[in-house]
Each structure stands twice: as structure tokens, then as C-alpha cells.
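Per chain, numbering begins at 1; letters A, B, ... match sequence-line order. Source: prediction; values computed, not measured.
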Amino acid sequence: MFHVLENRIRSAFATFIQARYGAGTPVLLDQPKQASFGELALPIAFQLAKQLKKAPKAIAQEIVAGAGSIAGVSGFEIAGNGYINVRLDRGVYGRALLEGSTEPAASRPGKMIVEHTNINPNKAAHIGHLRNAVLGDTFVRLLRASGNRVEVQNYIDNTGVQVADVVAGFHFLEHKTVAEVRQLVSSTRFDYVCWDLYARVSAYYKEHGEAIAWRQETLHAIEAGVGELSELGHIVADAIVERHLATMRRLDITYDVLPRESEILHLKFWATAFEQLKERKAIYFETEGKNKGCWVMPGAAFSSDAGEDDSKVIVRSNGTVTYVGKDIAYQMWKFGVLGRDFYYRVLRTYPDGHTIWVSTTEPSSDSPAFGKGDQVFNVIDSRQSYLQDVVEAGLRQLGYVEQAEKSVHFSYEMVALSPRTCVELGIELSEEDQKRPYVEVSGRKGLGVKADDLIDKLIETAQKEVDSRHPEAAAEERRRVAEAIATGALRYFLLKFTRNTVIAFDFQEALSFEGDTGPYVQYAAVRARNILRKLEERGMRMPDFAAALPEEAMSRQLAGEDFWQLLLAASKAGSAIERAVRGGEPSHVARYAFQLAQAFNNFYHAYPVLSEEDPEKRALLLWMTQYFQRQLRDVLGELGIHVPPYM
RNA sequence: GCGCCCGUAGCUCAGUUGGAUAGAGCGCUUGCCUCCGGAGCAAGAGGUCAGAGGUUCGAAUCCUCUCGGGCGUACCA
């Protein structure tokens, strides 16, 4: 609601300033430092002062006099030496909220593609992958909440080096047959088995340099799609993808389509892109130096101050293509400029009806159309920004300048481990590492916190609490409540940091359910619902708010600062979401959710709702309780967090 | 070396794109359950926004330099 008024005021002022001064200055809206100054503050007079060579105060007076009246605004004041403070009409505002004149998020044209998760299918997911998935999934929810059509893709690199290493481990190191590996898939926690094997293989390469030939042989076999190694590759990757989907499902994260690298190769996506790259001279065949025999992209294409040595290999000297090459083809497909398309089959359909499709080489009749996006967000950690620059440069070199500009690297910093948590996990640290603020995780070394282990631990912690508080409830239900609390805590924890903050993961902090946490927010929502439930239990009914709170009653009740400020804060969800989408920063919404919960807890403590005697005030308190409850539920929903029935 | 990111309370972090007296959580000190559930509420202590210059009405925010930390800079992703 609040941001509707913001927009109204912004456009009214902009129109006047354009007409009066012929200036296209953007109208910025601030929140006054002190609530007593009003609800909005405009520093526009300062912005115009230099341009117009006039005192800010005089300009402010002209603007206020000229802007006329705006619906929902009760008045303007000029403060300081030129601030324009806005006061809203509280009665009108309250009524608008009550009548739920919720602006339906106008659906926006075009289609957005968000690619996230993208875990190499060769080992269990860890906390770093969770940050990626939660960030991506939440951004998708926010985009959809603001009226965008969004397609969610999870790219599966099933033909890359990491899968090859695990396959080589099974085949060369452990001498396992296809049948034996299949057996492991069905009888073990396969992603955990591969986690350990991957670490063992990496260590083995280090000690036996010549063993790296296994990787080459396996990579070739997988790329060619023939033989036992290739079959193993499919078994491993497919089984691990299933595990990853299950892990993400626990956090209510899902996808529309899984484009796989094997199809990028077999449906000639890469061959097509390769031809175009050669034709456009975006890459060239190196005949000397360290990259002799490779197809490379010159460094100048993606970096302004690149030297001779900075070119990037796209096709290796043995003829296999690097990740970057395949990613260029994939990006082209996303924008619908490759001239080729995947076929799809259903991978699975969940009970709620949601279907995940996966790419395939076999034509099928009834699959939907994917790709052809107008804007693309790639959720990839910041360590890969160099590679993302190369991919973007590839698009540019091919002449897809517009697409390159609409391809956003939605980057975020890594999740590391706090030294204390390393100790808890039994990880030995060098003296140097102990002094660091955090220690980087490494899948190659098998160093890290597995996603499922963390989720299990969170559920266990929540379960203890729920069991002691609600021994009377059914065990199955208590379990569901514990799960909601655990996932709420985890998603919130990963979202409360801004994207470019390194998270030093700490068990103690992540397992906390007090203060700035998901459960704190959930608890506020539960409390609000409890009041409304209690009302019914006592045989009372909700008043007819529309009749009990006409505009005069609303202005009377909201005249005091207390209720007004609470209501105002609760009505700003739309602004928070808008800001988060505009800035690409989901943490804004997490922060808002926390503030909302604080505001409600404040209200809860200060005003006993059910025992209020005055009918009008009681109606207002009940209405505000209901409003808070809905806002909390909805905002948590945008964060992918559920409100349990009790806590 | 070069590129990107970071440095704000004891600790972990915000700070709405340059606005009014820099804010939270945790921890610490002290209060609050005859009341809609205390995973809560209230109060207090705690700051040279790494440092130095600059830009202007106005800087934690922009520019330059210095110091400190991180991540990249693969024929891994």
C-alpha cells in the first residue's frame, strides 16, 4: 500500500517540476529521521537548488504551493532549510488498508529466466550450494510477487570434469563395475558416498600425477557418449541429481526445467555455437605458446587491460570443449538466438502438481516451450565472475550486444566456515588458518558442511524445543512443526546477509532461534494467529470491520503515534519487495520481515487485544492483529518460509 | 603484478544508491509472567564509520592515496 502512495507522490511532483522548471530531476523519497517529521521526506529542493541557482527553501515553497493536493496526503511541511515533509491522511490510509484495495501486481511483459543451484552432480550439496539455491529461489518468488513471468532453470553439468573424477574413482581406483555402482545407488546414501570418493580421487591425483590421464580418458568417453565410463557417468550424475532435488525440496525449492550439458553436446548446441564463434572470429586457433593447439578467445574481448597471455581457452588441445564454451552455447539458447532447441521429458511431478522437465535428445509431442527469455539472471558465486565475463564477451563478440546487457551475473560471496565450527567438525587447522576470520570450504578436499546434515541438525534442535513445549500434540505434527522452524531458520539465516558479504558459517549462530532469526519472525505470526484463535475459543466473533471502523473512527484511533507507526510499518511490505527486486537484494525483504515481527511483538506486549473494553478500540486492535498476521504470513511466504500452526 | 570485493559497537551484520541526532541482533548489566504462550518485552553501557586528503549546502556512502583482509587471474567449474 505504502509504495502506491510513494509512486503517486513521486509522479505528481515530477509532473509539476517538469512543467514549472523543465527539469527531469528524479524525485527521491526518504524516510524522515524522526517519525514526528511526517511519513515521507523529499530532498528535491536541494537537488534543484544548484541547477536553478535559488535557495532550497524558496524552491520547496514553490513546489508545495504548486503541486496541488494529492489523494491520501493531508499536507506538506517545509523543514530545515528545504526538506519537504509529507503527512498522510491517517483515516483515509487506514480505510484503504482495511478495504484491501490491494493493487494487483500488474503483470509485466516479457519473460525472465533465473538459473540457480547448478551443483556439479558428483557429490552431496553443501552449505555454499544452499546459499545459491535459497538466494535464487527467493529472488524468483520476489520477481513473481511483483508481476513477472519467471522460468527457473537448474543447469546440470553432467559431462564435466567433476563427474569424470568420481567416475574415474569408481572405475580405476575402486574397480567397480556398472552393476556394482548401481547397487550402491540403491543401497547407500549415494551423494555422501561420492562426496568421500571425490575427495579420495583428488588426493590420489595429487600423489600420483600420472593418474590425471584417467580424467582425460573418462572425459572423452563421456563426451563421446559410448562405453562403460560413459554409462557410469550417467548413472552417477542422474542419481546425484535426484539427491540434490530431494535436498532442495526440503527447503521448498523447485525448478521448471533442468537443461543438461549432455544435450548441449549431443544436440549440437556446442557445434553450432562453435561455428558462429569461428565465423565471427571471436575465437582463433593458437599455433604457439602455452595454449598451442587450442581454440582461444583473446583477452581483449573480456578485459580492458588484458595482456598477450590473458586469452581464455575455449576448446582444449585434445578437442574437448571447456565449461565456458558450453556456457556460451547455453546462454545463446536462453535468449533464443542459437537456432537450436532441446527436447524435454518429465523428470518428476510432485503431489502439488508441479512438474520438473529435463532436457533429452528424443523428440516428444507434448512438452512445453522453454528458453527464449527477455532477461536472464545467472545465480553464480562471485569467484566465477571472471568466467562470467568471458561468457558475456562471447555473446557480445557474436553480435548479441543487447542480450549480453540483459544477462545478469547475480553474484554472491562464498559461505566459509568459522574457525570454531571447523574445530567442532574435527577439521585440523594450521596456525595460520586459526587466525583467519573464516576458512574456505572445499569439495575437492571433502571439507565442508553437507546440506542434509545441517538441515537434520536444525530439525533435531527445533524438535527438542517443540517436544518440550507441546508434549500433548501428535508426534507426526510436532515433526512437521519442527521442520517448518528448521527450514525457516535456515532460509532466513542465508538471506539476512547482503549478497556480497562472506558468510562465516557458524553452527552456534545458525542454530539460534532467538533475535534476528527466522523463528523469531515465525513466532510473531503464530502469536497473532493465537489471538484470533483464542477469540473463537472464547465464543466471540470477529467484528464487521468495515462497519465498526468507518473513516472517522479510523482517524480517531490512529491519531496517536503508537498505532499509526505500527500500522504504517506493517503496510510497507510492497516497498520492501520493490526495493529488493530493483536492487537485486533479497536481504532487504528478510530485514523488513524482522522489523515487522519486532513491531508486532511490541504491539502484542503493549495492548492486550481481547480484554479491551472500548468497542471501537477493540475493533481496531483486532483488525490490526489480523492485518499483521496476514502481512507476516505473506512476507515470510515471499522468503519461502512457512508459518507453523504453533511453536 | 593485475582485476574484483571488503574494513561500521566486544562479536556478527544493516545502513533504502549523497540527506536530518550512524542502527539491529548476540554478548554484558538491570527490570518485566494472577494477563492473547517469555523462541517474548523494556531500559542501560558500548562508535575517531581502518587512516589521510579531496569533491559540496551535506560524505559511512563518491574520487585519490596509504594500511589491513578476502577472492580471482587453469587446457577445474
Choosing from B/rA42, B/rC75, B/rG40, which nucleotide comes nearest the side chain of A/N601? B/rG40

Which stems does RNA chain B form, counting runs of 3 or more consecutive Watson-Crick or G-U wobble pairs with both distances under 3.5 Å? B:1-7 with B:67-73, B:10-13 with B:23-26, B:28-32 with B:40-44, B:50-54 with B:62-66

Partners passing side-chain contact (heavy atoms from CB on, under 4.5 Å) against A/A486 (at least two apart in sequence or in another chain): A/L458, A/I459

With sugar-phosphate meaning primed atoms plus P, OP1 and OP2, does A/R469 contact a base, only sugar-phosphate, or nothing at under 4.0 Å between heavy atoms? base

Any base atoms under 4.0 Å from A/S317, or only sugar-phosphate, or nothing? Heavy atoms, all strands. base

Are any of A/Y523's side-chain N or O atoms less than 4.0 Å away from OP1 or OP2 of B/rA39? yes

Would you name the heavy atoms of A/N158 and A/V163 that are closest together and state the gap between them? O-CG1, 4.0 Å

Is any side-chain N or O of A/Q508 closer than 4.0 Å to OP1 or OP2 of B/rC26? no

Check every strand shown and say whether A/K292 touches a base, only sugar-phosphate, or nothing at a heavy-atom separation below 4.0 Å. base

Is a salt bridge present between A/E286 and A/K292, judged by a nitrogen-to-oxygen distance below 4.0 Å? no

Within the stacking criterion (centroid distance below 5.5 Å, interplanar angle below 30°), does A/Y604 stack on B/rG40? no

Cation-pi check, A/K457 onto A/F507 ring (under 6.0 Å, within 45° of axis): yes

Check the chi torsion on B/rU64 and let me know: syn if it falls within 90° of 0, anti if not. anti

Tell me the interatomic distance from A/F594, atom CZ, to B/rA39, atom C1', rounded to whole angstroms. 12 Å

So, is A/N500 close to the B/rC4 phosphate, meaning a side-chain N or O under 4.0 Å from OP1 or OP2? no

On a plain distance test, is the side chain of A/D381 in donor-acceptor contact with the base of B/rA77 below 3.5 Å? no

For the side chain of A/H409 and the backbone of A/I380, is there at least one donor-acceptor N/O pair under 3.5 Å apart? yes

